[in-house]
Asker: 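Here it is: the structure, laid out below.
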Amino acid sequence: MLDPKHFRNDISITADKLKLRGFDLDTASFTALEEKRKALQVATQELQNERNSRSKNIGKAKAQGQDIAPLLAEVSDLGEKLDAAKAELDDVLNQVNAITSLVPNIPDESVPPGKDESENVEILKWGTIPTFDFEPKDHVDLGDNSAKGLDFESAAKLSGSRFVVMRGQIARMHRALAQFMLDTHTSNHGYTELYVPYLVNESALYGTGQLPKFGEDLFHTKPATESGLGMSLIPTAEVPVTNLASGEIFDEEQLPVKLTAHTPCFRSEAGSSGRDTRGLIRQHQFDKVELVQLVKPEDSMQALEELTGHAEAILQALELPYRKVILCSGDIGFSAAKTYDLEVWLPAQDTYREISSCSNMQDFQARRMQARFKRKSEKKPELLHTLNGSGLAVGRTLVAILENYQQADGSIAVPAVLQNYMGGCTVISA
RNA sequence: GGUGAGGUGGCUGAGUGGUUGAAAGCACCGGUCUUGAAAACCGGCGUACGUUUGUAGCGUACCUAGGGUUCAAAUCCCUACCUCACCGCCA
């Protein structure tokens with residue numbers, strides 16, 4: 001949610017900025033609606049004022065033992081007028097809210113303008129792309145080799161497409177990766193580890209911006225006893241972790257808050273039925289280690305650099321070649337003001353694929369969830385800034401290791417930093 | 001799942017349907033006193049929105065949330081959520 005002032009005071013500037021990311025704000029009709037809201041609100045409050053003062057007078061008269069019947073007669077139609085005014089105001093407020101809750105964040109000035117992902121800008125490349133003296137296989141074939149380490153057929157039997165069963169050393173490496181990531185972020189980067197619910201309510205999803213616009217990307221549970229969506233499976237740990245701040249007022253000294261959690265993520269992948277159907281890249285269920293920071297507004301851009309660096313540190317420790325991309329204005333997510341994507345090299349696809357997305361949401365989510373902090377020198381609480389990033393997507397990291405560490409015989413070398421997590425195992429044999 | 005009791009400001013905790021945004025205490029902030037600190041005393045101490053040049057004043061809303069009754073609701077009624085206690089069940 002944007003600051004309402006953006007809509008009231010400088011709506012045309014706001015509309016211009018939103019156009020950069022491909023969002024059309026109908027300023028004329030919104031301004032008209034806003035005028036209406038203002039007039040109705042004033043009128044309603046005046047009626048309430050009148051009712052309040054008259055009611056007080058009735059109370060006083062009654063206390064003095066006077067006859068209140070004539071006073072009651074005077075206010076008889078006030079109630080109806082008030083109800084009508086309230087209903088009208090409610091209606092307009094709902095309309096305003098319906099619009100503003102669908103307006104995305106404004107891109108930061110440092111974000112390059114652009115229409116779609118083709119105009120994202122590469123910031124850096126890290127690592128050396130491996131060369132093979134044989135035809136590199138993709139992770140599906142490699143996983144199939146190692147005693148059905150990646151078993152998509154079995155998963156399809158259990159659940160359908162876009163699920164996987166992992167076995168043996170592959171499953172263990174998957175677990176090792178998550179452990180390694182968590183340990184690195186807690187020990188080296190100053191994050192506090194969390195365990196959080198995987199089912200969340202509607203208000204949490206609203207807080208981080210998944211609702212009301214992106215409900216169809218989620219899996220919803222609907223117990224027989226409930227109406228509506230019921231609880232929803234988290235599409236990312238960002239939802240439960242960031243919403244911990246909802247309704248809170250932090251002391252200035254408590255910031256920055258740095259949190260990390262390893263959770264499964266569930267996405268319906270509606271609208272991407274034809275994309276990445278092969279393999280582990282796009283699943284309905286995948287694991288991710290998430291990084292979240294709550295910071296003061298003046299610190300958030302620097303925090304984004306650091307948080308992205310924390311995700312990069314994992315790729316570097318695993319010696320996986322990657323590149324860092326800044327998303328252009330047309331490609332950033334709904335709630336984000338600025339986003340870096342980290343893309344890992346996948347030899348079989350001969351290209352870089354997204355493995356992490358790190359964003360500064362500024363006060364966009366904080367406003368939705370009323371997450372605030374108080375400066376020592378100030379009386380009024382201020383909205384804090386929220387950031388999050390994947391550090392990293394575990395399934396895709398596994399894909400990257402299988403493909404980059406593969407050997408001619410189809411075996412997989414185990415990256416040095418993972419060996420201790422795998423009982424000293426140095427190679428997963430074919 | 002059953003039964004019972006509750007949800008009031010940062011915390012504790014009052015509150016017969018009527019000048020209650022809400023007593024009191026604690027915490028916190030400012031001041032007096034003191035060489036300094038403590039104690040004591042004095043004063044202040046919620047959020048959002050509207051009006052406005054205004055961090056002034058005034059108005060409105062908010063006592064878990066949403067409905068209802070009433071001229072008037074923290075106070076009465078209904079529903080949801082949550083908490084606590086006991087019972088049942090359970091990894």
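Predicted model only: the values in this text are computed from it and were never measured. Lettering follows sequence order; numbering is per chain, from 1.
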Asker: What is the distance, to the nearest angstrom, from the CG atom on A:L93 to the P atom on B:U60?
Answerer: 18 Å

Asker: In whole angstroms, how far is the P atom of B:G18 from the CZ atom of A:R51?
Answerer: 16 Å

Asker: Going by purine N1 to pyrimidine N3 plus the second Watson-Crick contact, or the G-U wobble pair, all under 3.5 Å, which nucleotide sits opposite B:C41?
Answerer: B:G31

Asker: Which value, in whole Å, describes the distance between the C1' atoms of nucleotides B:G17 and B:C76?
Answerer: 8 Å

Asker: Indicate yes or no: does A:R278 engage A:D141 in a salt bridge with an N to O separation below 4.0 Å.
Answerer: yes

Asker: Between B:U64 and B:G9, how far apart are the C1' atoms? Round to whole Å, please.
Answerer: 14 Å

Asker: Tell me whether A:R282 is salt-bridged to A:E269, with the criterion being a basic N under 4.0 Å from an acidic carboxylate O.
Answerer: yes

Asker: Does the structure show a Watson-Crick or G-U wobble partner for B:G46, both distances under 3.5 Å? Name it, or say none.
Answerer: B:C62

Asker: For the pair made of CD in A:Q48 and P in B:G21, what is the distance, rounded to whole Å?
Answerer: 14 Å

Asker: Using a distance-only criterion (donor-acceptor N/O pair, under 3.5 Å, no hydrogens), is the base of B:G59 paired with the side chain of A:Q45?
Answerer: yes

Asker: Partner of B:U12 by Watson-Crick or G-U wobble geometry, both contacts under 3.5 Å, or none?
Answerer: B:A24

Asker: Mind calculating the distance between CG (A:L47) and P (B:G59) to the nearest angstrom?
Answerer: 16 Å

Asker: Starting from C1' on B:C49, measure out to CD on A:E46 and report it in whole angstrom.
Answerer: 15 Å

Asker: Between B:A61, B:G50, B:U47, which nucleotide has the shortest distance from any of its atoms to the side chain of A:N52?
Answerer: B:A61

Asker: Both distances under 3.5 Å, Watson-Crick or G-U wobble: report the partner of B:C76, or none.
Answerer: B:G68

Asker: Which base sits across from B:G1 as a Watson-Crick or G-U pair, both distances under 3.5 Å?
Answerer: B:C87

Asker: State which of B:C49, B:A61, B:G18 makes the closest approach to the side chain of A:S55.
Answerer: B:G18

Asker: Distance check, P atoms only: B:U35 and B:C29, in whole angstrom units.
Answerer: 24 Å

Asker: Would you call the rings of A:H310 and A:H189 parallel, tilted or perpendicular, taking 30° and 60° as the class edges?
Answerer: parallel

Asker: Taking the six-membered ring of A:Y421, is NZ or CZ of A:R175 closer than 6.0 Å to its centre and within 45° of its axis?
Answerer: no

Asker: Both distances under 3.5 Å, Watson-Crick or G-U wobble: report the partner of B:G57, or none.
Answerer: B:U51

Asker: Rounded to the nearest Å, what distance is computed from the CD atom of residue A:Q370 to the C1' atom of nucleotide B:U64?
Answerer: 17 Å

Asker: Under a 3.5 Å cut-off for both contacts, is B:C81 paired Watson-Crick or G-U wobble with anything, and if yes, with which nucleotide?
Answerer: B:G7

Asker: Examine the base of B:G18 for any acceptor or donor lying under 3.5 Å from a partner atom in the side chain of A:K62, and report the outcome as yes or no.
Answerer: yes

Asker: How about A:E119: does its CD atom have over 12 heavy atoms from other parts shown lying under 6.0 Å from it?
Answerer: yes

Asker: Report the distance from atom OG of A:S29 to atom CD of A:E34, rounding to the nearest 0.5 Å.
Answerer: 12.0 Å

Asker: Write down the distance between NZ (A:K56) and P (B:U20), rounded to a whole number of angstrom.
Answerer: 8 Å

Asker: Starting at atom CG of A:N49, determine the distance to atom C1' of B:U51, rounded to an integer number of angstrom.
Answerer: 12 Å

